[in-house]
Every structure is written in structure tokens, then in C-alpha cells.
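One-based numbering, in listed order, for ligands and for the atoms of each. Positions are given from 1, in the same order as the sequence printed here.
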Amino acid sequence: MDSKVKYIFVTGGVSSSLGKGIISASLAKLLQARGFSVTIQKLDPYINVDPGTLNPYEHGECYVTEDGAETDLDLGHYERFSNTFTSQANNVTTGRIYQNVINKERKGEYLGTTVQVIPHITDEIKRSVMLLGKTGKYDFVITEIGGTVGDIESFPFVETVRQMKWELGNDCAVVHLTLVPFLKAAGELKTKPTQHSVKTMLEQGVQPDIIVCRTEQSLNQGIKKKIAQFCNVQPTSVVESLDAQTIYEVPLLMKEEGLDTEVLRITHTEVPETMDLDNWSRFVTRLKNPKSEVNIGLVGKYVELKDAYKSINEAFIHGGVANECKVKVIDIHSEEIKEDTKEELLGKLDGILVAPGFGGRGIEGKIVAVNYARENNIPFLGICLGMQCAAIEFARNVLGHRKAHTTEIDKNTPDPVIDLMEDQKKIKNMGGTMRLGSYKCKLDTESITYGLYEEKLISERHRHRFEFNNMYREAFENEGVRLAGINPEEDLVEIIEIKEHPWFVGVQFHPEYKSTVRRPHPLFVGFVAAAINHRIKNQKA
Ligand code: GLN
């Protein structure tokens, strides 16, 4: 095989939200199943340096990598599909590109030349793409370009694709994702939007090699031929992407359509004889044929947004499959949970998860939810702010500190059970300044958590400024809280459990980021198993 790195770009046209991230992740999965090493990168055309400062209404979940980069949620899909870590280098925005270029300009690195979009911005984009290729770790670098072609913002990115395609020849391929809508009134699939979208790319000098058509109805050969003819590609390069029951089916559908073999053909890469997708197929079969079902409440203030808790929802799918159980995630808005509504909202659940978050809106509802789970022996998982709420609830209702709070919300609380970390006190800038990325945690071997991980030293990803206040450790422990996980370097409480409860776990980190198809996260596997047990017990009672 040619040992040169192959660069695959994935662009989108006609409409946003067609699923470029899933197509990119699926292609990566297929190439990986054929024995290639692959990484995926997302280039985002917006001007924020990273999505860390965007609220979920703007941008859905912010995904955090091992190295503490706050990134686009598509990186979550990349990791869940490929089971390999991404990093800061895998998500680059226009803001970061300009920041780098301007920093170089200020240092005088451009030696007196006029700094321009072409070549300086495009060179910087190119550098960011090639950086991954140059690590020597990958056969393929798949680069997804956010937004749709034709947007003013994506112009420098498409221009970079044009240059790289020209320079790299057969070591580069462009996959373009479009929509082929079905017009009910005409009873027909329409190819015109795809034709226009490819024309837009051609105006910018890029001829896509493969056209992936998102559609609700199967494309017949006639339609494929038509698209091929109008868009200058082989009919085999017109790939149908039919709406799937689950995103995890997409790699299998793409295999049927030959997306990976087309990429290999275009990049002049020999097709390996074997392909191993057995585990993946087994996962999809189990996902579609669950043997049991549980209802787990997801308590948060953004539940009406589909993408706000993406990784949590996906981790429930992985944890469900590991238990051959369908997890029905019931979205519960934290602002609606009150003393007089809690029974109705939470009474029938087999498990309660209190979500991460920032700020005071809905926090009292979260605390009521924790209280309900604790007193009614309902399996509970609190993540980040959810864990902090568990500590506040315990302090208020068990330790009797009625005004206990986190100083994030009540600066003057007499009992700051959750308080700002020392090194956060002097920080002024908001972007990229939290406790971010992977930190070690030492587990208590008596704990539920240790039973699930079966490891004494774990590492998990963080994204927060506040922390369990060590002044309260003894009081909590005396009343039955197990400090199940401690960060050894800074002596921070990372996990709390309640000994007398069947399954009550609060974690300061985000386990959801590390759950993948190949390695469902132990805490989610354990939580779903506890929910199944709770349901069985309740049915018997
Ligand atoms: N707002 C809390 C903190 O900064 C929790 C953050 C989170 O849930 N990710 O500590």
C-alpha cells in the first residue's frame, strides 16, 4: 500500500443538519474495520475560538477531549464510533485560525508582507489539516467542514480544499453530502438542489469525487445516473444515505453502498482483503432487539434541546446495549420539579440522572430530584453540577445546614459545601479557563464505582470551576457518605456515594464523554443495571 497519508474532506450542501458528522464517523469506522488508522477533524467556520463559551441553545453540547479542548459535539461521534481519542488538533475554528495568523503577524513572522486570506489564512488552515497527517500515526485524515458550501464563512475552507486537492492529487478526495428531497405532491425525488450545490462547489473550483445523498426514499438507478451525469462523477460515486432507525446503523448502510470502497478507489488505495465489522453489527442487532426496558429521568434545564445532552443520551444507548435493555430517557425540565409536582414527574422512574450545567436556573428542581431519588431508593447518577446538587441536598437535609449551597449561585451561603477552586479565584477570562480534560482519580475499593471499573486508578474528563469543599468531608462521611474517588494530586473529592442507598453515585467528572460502542462506560452500564433491578423489585412489590 502507498504509505502516503490520504486526506478526505467532507463538505455539505443544500441544508445544514444532514449528518456530515455521522457520515464522517461512519467512513472512519469502515476504513478502520479494513485495518487502516484514521482520525477525524472538524473545521468550524464560526469566529469563536472554541465552542466553550457558547451556550447549548447556540451550539448543543460542548464536548471535552482528553487534553482539555472544548470542542464541537461531532467529535463525540468520532470518538464513539472509532473508539480513539481526539484532541485540540481535531477541532479548529475560523477564530482559532485568525488568532494564530494574527499572533504570527504581531511577532513579525510574515516579514513585512501584507497578510491576506489567500495565502495566509488558507495556509494556516492547511497547516491545521496537515498537522494530523504529519504525526505519522494515520493512513487517513478525514476533515469535516462545518456549515454548507456557499456560506460566506466557509469560503476560505473550501478554497483550502481546492488547493489541497490540486497539490495532493490522488491522495485527496472530496465527499459532498447533499439532500435529495421527496416532493409529496409530485411523488418524486428531486435532484436539482444537489445539482445546484455541486455547481456552487465548482464555482469555487472544487469538483466533489463522491456525492452522498441524504434521502427519505431509496434512490433508484435512474436518479443515481442523473446525479452522476449532472455532477461529473461515476454512478458508483453517488451514494444513498437513507434515513436510518439509529445513527449506529449508518456505517452498515454506508458499507452496503460502498462509500469506503469508492474512497479507496479514488485515492488509489488497494482494498484490503478482510474487513471486520462483526462487533459493530452485533452491537446494532442488540440495540434493535432489547430484552427489557427501563425509564430513566434526565433532569436538566436544556432538555427541550435535542443536542444539549448528546453524550449522555449516547452513553445510555451503550449502557443499555451492554444490558440488552432499551433505556427510555424521559426528559424532565428541572424548573418544573417542585414539592407538589415531584411525585407525578419522578414517581414512575427506574433511575434519575441529574445533568451537568451552569448557573442557578432550575437548580432547586435538581435538588428536589436528588432528594426524591435518595429518599425513595431510586438509582441516582449525578454528573458534575448533578453531583454538586447531591452534596447540597445532603448538607441541607441530612446534616441540617438548611442554607447550604454552591458559591456559584449563593456567594454568601453560610455553608459553601461546593466552592470555587483556589486556582480559579484569580481567573478573569471565561474561555478555556475551567478545570478541563483528563484527571486521575483514586477509587475506594469498597465503593460501587470500584466494583464497576475494577481498577484502583481511573482517569476521567472534567469541565468545571467549582469543587466539593474539603472542610465538609468529615461531616459527610460521619453521616454515611462514601468519598469513593479522590484526585491524588490535589486531594479533591471526585465521587460521592451513599452507603445505605442501593445505587447513589455523584461524579464531579463527565463519564459520558468516554463512552463508546466498543467500551460502554462502566458507570452507565452499572446505572442501567441498577435501574433494571429497581424495576424488577418494584414489579414484585
Ligand atoms: N457549574 C459547575 C462548575 O463550574 C458545574 C459544571 C458542569 O456541570 N459541567 O463547577
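Below 4.0 Å from some heavy atom of R465 lie the following atoms of ligand 1, by number and element: 3 (C), 4 (O), 10 (O). Within ligand 1, the atoms closer than 4.0 Å to a non-hydrogen atom of F466 are 3 (C), 4 (O), 10 (O), numbered from 1 in the order shown. For ligand 1, the atoms sitting less than 4.0 Å from at least one non-hydrogen atom of R463 are 6 (C), 7 (C), 9 (N), numbered in the order shown with element in parentheses.
At the top of the distance list for atom 5 (C) of ligand 1, counting protein heavy atoms only, stands G357 O, 3.3 Å. Looking only at protein heavy atoms, the nearest one to atom 1 (N) of ligand 1 is E408 OE1, 2.7 Å.
Ligand 1 lies nowhere less than 4.0 angstrom from a heavy atom belonging to E467.
Note that the CD atom of E479 and the CD1 atom of I498 stand 11.0 Å from one another [nearest 0.5 Å]. For the atom pair T11 OG1 and F157 CZ, the distance stands at 13.5 Å (nearest 0.5 Å).
Aromatic rings of H510 and Y63 (six-membered ring for Trp) have centroids beyond the 6.0 Å cut-off, not under it. Remark: aromatic rings of W503 and F527 are close, center separation under 6.0 Å.
In the displayed structure, K342 atom NZ is contacted under 6.0 Å by more than 12 heavy atoms of other residues, nucleotides or ligands.
Under a 4.0 Å N-O distance rule, the pair R396/E393 does not qualify as a salt bridge.
The part of H510 lying near ligand 1 is the side chain, judged by heavy-atom distances below 4.0 Å.
Seen from the ring of Y302, R361 counts as a face-on cation partner, given the 6.0 Å and 45° thresholds.
Inclusion of I383 in the set of residues having an N or O under 3.5 Å from an N or O of ligand 1 is not warranted.
When G300, A355, G359, C384 are ranked by how near their heavy atoms come to atom 7 (C) of ligand 1, first place goes to C384.
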